[in-house]
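So you know, we letter chains A, B, ... as the sequences are listed, proteins then strands, and number each from 1.
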Amino acid sequence: MNNRKLGKWVGGFTSFALLAGLLAACGGNGNEASPSASSPAAGGASPSASAPADPTQLSGTVKVWDWDETFQNGMIPEFNKKYPNIKVEVTVVNPNDYLQKLQSGIASGSDVPDVILGEEAYRGKLFDLDVLDNLEGAPYNFDRSGVLDYTIPFISNSRGEVVAVDQAITPAGFAYRRDLAKQYWGTDDPAELAKLLSNWDDFIAKGVELKDKSDGKVLMFPGLGDAFLVLRNQNTVSYVNGSEVDLTAKLQQPIETLFKMRDAGILGKNELWTPAWSASMAKGEFMFYPMAPWGPKWHISANDPEGSGRWGLVKAPEVGFARGGTAVGIYKDSKAKEAAWAFVQFAYQSEEGSLYNFQTFGNMTSNKEFYEKQKALFEAPGAYDEFFGGQNLSQYFLQEIIPDMKGQPQSKYDSVVDGVFNALYPLWTKDASTTVDAALEKFKTEFKNKASDATVK
Amino acid sequence: MNVNAERYDAIPAASRKRRWGPRMWPYLFALPFVLTYAAFQLYPILYSFVLSLHDWNGIGAKTYIGFKNYVQLWTNDPLFIKSLWNTLLMMLMFIPLTLILGLTLAYWTFQLTRGKRFFQTINVLPYITTPVAIGFIFSYMFDWQTGLVNLLLTKFGILEEGFYWLQDPWGSRAIIALMVIWRNLGYFMIIFMAGMTVIPQDVYEAAKVDGSTGLHTFLRITMPLLRNITVFLVVTSMIGGLQLFDEPKLLYGGWSGSAQVGGPDNTALTMIWKFVDESFISNTRFGYASAIAYSLFLLIVLFSVISYRLTAPKEDKR
Amino acid sequence: MKALMWICLVVISLLSLFPFYIMTVMGTHYNEDLFKGIPILPGSYLQENLKTVLKADFLHVYGNSLIVSVASVVLATLTSTLIGYAVAKFEFKGRKWLQTFVILTMMVPTQVGLIGYIIEMRHLGVGNTLWPVILIWAAFPFGAFFMIQFMRDSIPNDLLECARIDGCSEPGIFVRIVLPIMKPGLATLATLVFLWSWNNYLLPLVTINKSEWYTLPIFISNLGIVHRTDYAARMAALTMTTIPVLILFILGSKTFMKGLTAGAVKG
C-alpha cells in the first residue's frame with residue numbers, strides 16, 4: 001500500500017515536471033515564431049539623413065559579432081570619440097561557425113547581433129536568409145552611388161536591394177615571384193608581364209614555356225583550386241533566377257580553361273590552404289598566387305618572411321576578379337538600428353573611420369569619395385610596398401585592377417558551388433583524364449544532391 | 001527478495017504505514033535522473049520531432065508538410081543512403097578492432113607489476129587531446145605530397161609514388177577508422193581496467209590452484225566477469241559509432257574553411273555530417289535535418305537493441 | 001610472450017604519445033613554419049604564442065570552463081549513481097521499464113534537441129549564462145547506464161542483504177557501503193564527464209553569446225582567425241587546455257589502482 005501510493009506520487013510528480021518543462025518552453029510560443037516582417041521604410045524610427053545631426057545625441061548599445069577582435073578593439077575607441085554615448089559590444093565568432101550560430105540564435109529567439117558580418121564563403125546565403133535590412137531605406141538612407149560601382153552586386157540581395165556595406169574592397173591580382181619571372185621570362189616588371197599575359201591563351205603558352213625552361217620545377221599555380229577561384233570569380237554572370245540555376249553558364253567556360261591549363265601541365269597538385277600549399281611560397285615552386293589587398297600582410301609575408309623584395313603584383317589576364325571580402329549588414333529586427341548604422345557608417349564609409357582603417361589595418365574602403373579626398377595617402381608608399389620590390393600596391397590596385405572589375409550578384413547557391421568544387425577538384429587533380437563534359441555533369445549531379453530544391457541547367 | 005517480504009510482513013501493520021521500507025527507495029533514487037531528464041531534455045526531443053514534420057529555414061514561417069521530409073529522405077536522397085552506408089562501414093572497421101585491442105592492452109597493462117599507471121596515463125592521451133589537434137596532425141601525416149606516411153612508404157620502397165590517401169574512397173574511410181581506434185584505445189583501456197579492478201583476487205587464486213594459466217585464465221575467468229562492462233562498451237560504441245562526426249569533419253574540415261564536406265566523392269559522409277550539412281552548411285532546412293536526426297535515432301535504437309541482445313548475459317539481468 | 005607484450009605496450013604507448021607531443025611542440029613555433037614540415041624539436045616562438053593566447057583573456061575563459069566542468073561532474077555523477085544503484089540492485093515494479101528508459105535516452109543523438117533546448121533555456125531565463133552548458137549534464141544517460149552496469153558487476157547482493165538485516169537504513173547503505181566500493185566507477189565517470197564537458201564545442205557555440213562567458217573550445221577556435229588561422233597559437237592554448245584533464249586522469253588512475261585493494265569485498 002505504501003509503495004503503490006508512492007508510485008502514484010512519483011508518477012504524478014514526474015508528469016508534473018514534464019508538464020512544467022513543456023510549459024516553460026511553450027510559454028513564449030508566440031515569441032519564437034518568425035520575426036515580424038517589418039518593412040524598413042515604414043519602420044517606427046523617424047527617418048533621418050544618412051549622417052545623424054548631432055553625434056552625441058545618439059545613444060544605445062550595439063551588438064556586433066566579428067572575428068577580428070583586433071580591428072574592433074582599435075575601431076571602437078575611435079568611434080566613441082565621435083559618438084561617446086553609443087556602447088559597442090563585440091562577441092568574437094569564428095567565420096566558419098558564424099552562420100550556424102546566427103541561425104540558431106534567430107531560430108531560438110535568443111540574442112541576435114545588430115551588426116552582422118557576411119564573409120565571402122556564406123555571404124550569399126546570409127543575404128537570401130532575408131535577415132538584413134534594406135540600407136537604402138530609412139533610417140539609413142544609404143546612397144549606392146557613394147561606393148565603387150563594381151562593388152554594388154556584392155552588397156545587394158537577389159531583389160536588388162542594398163543590404164550591406166563592404167568591410168573592405170578585395171579586388172585581386174596575382175602575387176608573383178620576381179626572381180622567377182626574371183629568370184625564366186626575362187622580365188619582372190608588372191606592366192610588361194601584364195602585356196605578356198593579356199589573355200588566358202597567352203597565359204597558358206607562357207606557362208608551358210616556364211615549365212619547359214625550368215624542367216618542370218616551377219609551374220604557374222600551386223593547384224587547380226587557385227586557378228579555378230580566379231576563373232570562377234572572373235565569370236560574373238548572373239546564373240541564378242529564383243530556384244533555377246544555370247550552372248553551365250557559370251561554370252562551362254571556367255572549367256574548360258581550367259582543364260586546358262591542367263592538360264598543359266602548368267598546374268601543381270596542391271590543395272588550397274594545406275600546409276604544402278603555404279610552404280610553397282617560400283620554396284619558389286610556383287609563380288602566381290591570387291592576392292587581394294589583405295594578401296601581402298596575412299598571406300605572402302606571413303609565409304615567406306624572408307622573401308622581402310622578391311614579390312610583385314600583376315593583374316589577371318582578361319578581367320579582374322574578387323578574392324574574399326566581407327559584407328556588413330544590420331539585422332532587420334534590431335532594436336538599435338540608428339546606433340548600429342552610425343557605427344557601420346563610421347567604421348567602413350566615413351572619412352575618419354576609413355583613414356584610421358587604412359592606416360592601422362590596411363583595409364581599403366568602398367567609399368568613392370575617400371579616394372578623391374585622400375589621394376596623397378595612396379600615393380605614399382604602403383607598409384608592404386618594399387616587400388613587393390618597391391611597387392606601390394595600393395596604386396596598382398586602384399589604377400590597374402579596379403577599373404577592370406565587375407560585380408557578381410550574390411545567391412545562396414554560391415556556397416553550394418563552392419562546396420561542390422572543393423569536393424571535386426582534388427579528384428580532378430588526381431585523375432587528369434576527366435573531360436570537361438564529364439566534370440560538368442558530375443558537378444551538376446553533386447549540386448543537385450546538395451540543393452535539392454533547385455532546377456539545374 | 002524473500003527475506004525482505006518476510007521481514008515486511010513481520011512488521012506490525014500500524015508501523016508499516018510510518019516506516020519507509022526498502023520498497024520506496026529505488027523510486028527515490030531514480031527520481032533525480034528522471035526528473036532532470038524530463039525537465040531539460042524531453043521538451044527538446046519532442047520539439048525536434050514536431051519540427052521534422054515541417055519545412056523551416058530557421059527564420060521564416062514553418063510550413064506543415066507531414067511526413068514528406070521522411071519520405072524524401074528515405075526514397076529520394078542518395079546522399080543520405082550513402083551516409084548511412086558509410087557510417088555502418090566505418091563502424092565495422094573500428095568497433096571490433098577497438099574492443100579487441102582495448103581489452104588486450106588493458107589485460108596486459110593490468111598484469112604489469114610496475115608501470116601500470118604510467119601506461120594507462122600515456123594511452124589515455126589521445127582521448128584527451130582535443131580533436132582539433134588530432135585532425136590537423138592526421139591530415140598532415142597523410143598529405144599526398146608531403147605527408148609523413150607517404151614519405152616513409154616511398155623511402156622504404158613499398159610504394160612507387162605517394163598514395164593519395166585522403167582522396168581515395170577506401171583510404172579516407174581507413175584513415176578515419178584509424179583515427180577513431182587510436183583515439184578510443186585509451187578510453188576502452190580505462191573502462192576495462194576499472195572493471196578488472198573489482199574482480200576479487202581470490203577468484204584468480206582459486207583458478208591458479210586449479211591449474212589455469214595465461215590465456216585460459218583470461219578467456220574463462222576474466223572475460224566472463226567483464227561481461228557487463230563489455231556490454232556497456234559494445235552498446236555505447238554502436239551508439240557513438242552511428243553518430244560519428246568529429247573525426248571525418250576534422251580530417252576534411254579543411255584548413256581555413258575550404259572544407260570538403262563528405263570527403264572524396266562523399267565516401268566519408270556520415271549521417272550526423274549530413275545533418276549538419278543540411279542545417280547549416282549547404283542548406284538551412286531545419287525541418288529536414290530534424291527528420292535526419294530522428295531517423296538516426298530510430299536506427300540507433302534498432303542497432304542498440306540488436307547489439308544488446310547479442311552480447312548481454314543470457315540470465316535475466318539482475 | 002612477456003617480451004612481446006612489453007614491446008607491444010611500448011610501441012602503442014609511443015604512438016599514443018606522439019600526437020600529444022607534436023601538439024606541444026607545435027605550440028612553440030611560428031605558425032607558418034608549421035607548414036614546412038611537422039616539427040619534432042621545440043621552436044623558439046613560444047613566448048609570442050603565449051602572448052597571443054593570454055592577451056585574449058585566456059585565464060578568464062579557463063575559469064569559465066572550470067566552473068562548467070566541475071558543476072557538470074557533480075550533477076552528472078549524483079543523478080547517475082543514484083539511478084544506477086536503483087536499477088542494478090533493487091527489484092521493483094517498473095525496474096525493467098526504467099532500464100529501458102535509460103538505454104533509450106542514451107540513444108538520442110545529441111544534435112536532435114539542440115534548437116528546442118536553446119528555446120527552453122531561454123524561457124527559463126538562463127539564456128546567456130553558463131547554465132545551459134551545465135544543465136545538459138544533469139541527466140546524463142551514458143552515466144546512468146555506466147553506473148547500472150558497473151554496479152551490477154561490482155556490488156555483491158549478499159553484502160547489501162547483510163547490511164539490511166543489520167538494520168542499516170537505505171541511505172546509510174548507499175553512503176557507507178556502496179559508494180566506497182564504487183570509487184573506481186565514480187572516479188571513471190567523474191573524469192569522463194569532466195573531459196566531455198571540458199571539450200564540448202557545439203552547445204557552448206550556439207548558446208553563449210557573450211564573449212566573457214565563452215568556454216575554452218570556442219575561445220580557441222577564435223584565436224588568430226583574421227585572414228588566416230594561427231595554428232601555432234592554438235596548439236599552445238590547446239596544450240594548456242589539456243593539462244587539467246591530464247592531471248585529473250593521473251589522479252584518477254590512482255583510485256583505479258587503489259580500488260584493487262578495495263576488492264577486499266570478500267564479505
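- The distance from the CD1 atom of Ile83(C) to the OH atom of Tyr37(B) is 11.5 Å, given to the nearest 0.5 Å.
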- Message: If you apply the rule side-chain contact (heavy atoms from CB on, under 4.5 Å), what do you find for Leu28(B) with Glu170(C), and how did you get there?
- Response: CA-CA 11 Å; Leu28(B) 276 187; Glu170(C) 286 298 333; over 6 Å; no

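- Residue contact with chain C, scored on non-hydrogen atoms closer than 4.5 Å, involves the side chain of Ile239(B) exclusively.
- Here Asn123(B) contributes atom CG and Ser16(C) contributes atom OG; the two are 4.0 Å apart, rounded to the nearest 0.5 Å.
- Considering only heavy-atom pairs separated by less than 4.5 Å from chain B, the leading option among Ala144(C), Ala138(C), Pro132(C), Ser169(C) is Ala138(C).
- The parts of Phe297(B) that come within reach of chain C are both its backbone and its side chain, each placing non-hydrogen atoms under 4.5 angstrom from that chain.
- For the set Leu202(C), Asn199(C), Val10(C), Val112(C), the entry with the most heavy-atom pairs within less than 4.5 Å of chain B is Val112(C).
- In this structure, Leu246(C) CG and Ile122(B) CD1 are separated by 9.5 Å, a value rounded to the nearest 0.5 Å.
- Ranked by heavy-atom pairs shorter than 4.5 Å toward chain B, the options Gly113(C), Gly84(C), Ser221(C), Gly143(C) are led by Gly113(C).
- Heavy atoms of Phe286(B) lying under 4.5 Å from chain C belong exclusively to its side chain.
- Of all the listed residues (Leu238(C), Leu17(C), Thr105(C), Ile118(C)), the one sharing the greatest number of non-hydrogen pairs under 4.5 Å with chain B is Thr105(C).
- In summary, of the residues considered (Ile191(B), Thr236(B), Leu233(B)), a side-chain contact (heavy atoms from CB on, under 4.5 Å) with Phe146(C) occurs for Ile191(B) alone.
- Heavy atoms of Met106(C) lying under 4.5 Å from chain B belong to its backbone as well as its side chain.
- Proximity to chain C (any heavy atom under 4.5 Å) is restricted, for Ile272(B), to the side chain, taken from C-beta onward.
- Going from atom OH of Tyr187(B) over to atom OG1 of Thr191(C) covers 11.5 Å, rounded to the nearest 0.5 Å.
- Per-residue heavy-atom pair counts under 4.5 Å with chain B were compared for Ile173(C), Thr79(C), Val245(C), Thr110(C), and the maximum is reached by Thr79(C).
- Counting only heavy atoms from C-beta outward, the side chains of Ile12(C) and Phe119(B) never approach each other to under 4.5 Å.
- Proximity to chain C (any heavy atom under 4.5 Å) is restricted, for Val235(B), to the side chain, taken from C-beta onward.
- Aromatic ring pairs are classed by plane angle as parallel below 30°, tilted from 30° to 60° and perpendicular above 60°; the pair Phe232(B) and Phe145(C) is tilted.
- Of the listed residues (Leu75(C), Ile136(C), Leu78(C), Leu14(C)), the greatest number of heavy-atom pairs within a distance under 4.5 Å of chain B belongs to Ile136(C).
- Separating the OG1 atom in Thr241(C) from the CD1 atom in Ile128(B) is a distance of 11.0 Å, to the nearest 0.5 Å.
- Interface remark: Leu185(B) contributes side-chain atoms only to the contact with chain C (heavy atom separation under 4.5 Å).
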Audit row: Phe40(B), Trp137(C), ring-ring contact (aromatic ring centres under 6.0 Å, His included) steps and yes/no: CA-CA 10 Å; Phe40(B) 299 125; Trp137(C) 300 99; over 10 Å; no

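- In this pair, Phe29(B) and Phe90(C) present their aromatic rings tilted. The plane angle is within the 30 to 60° band.
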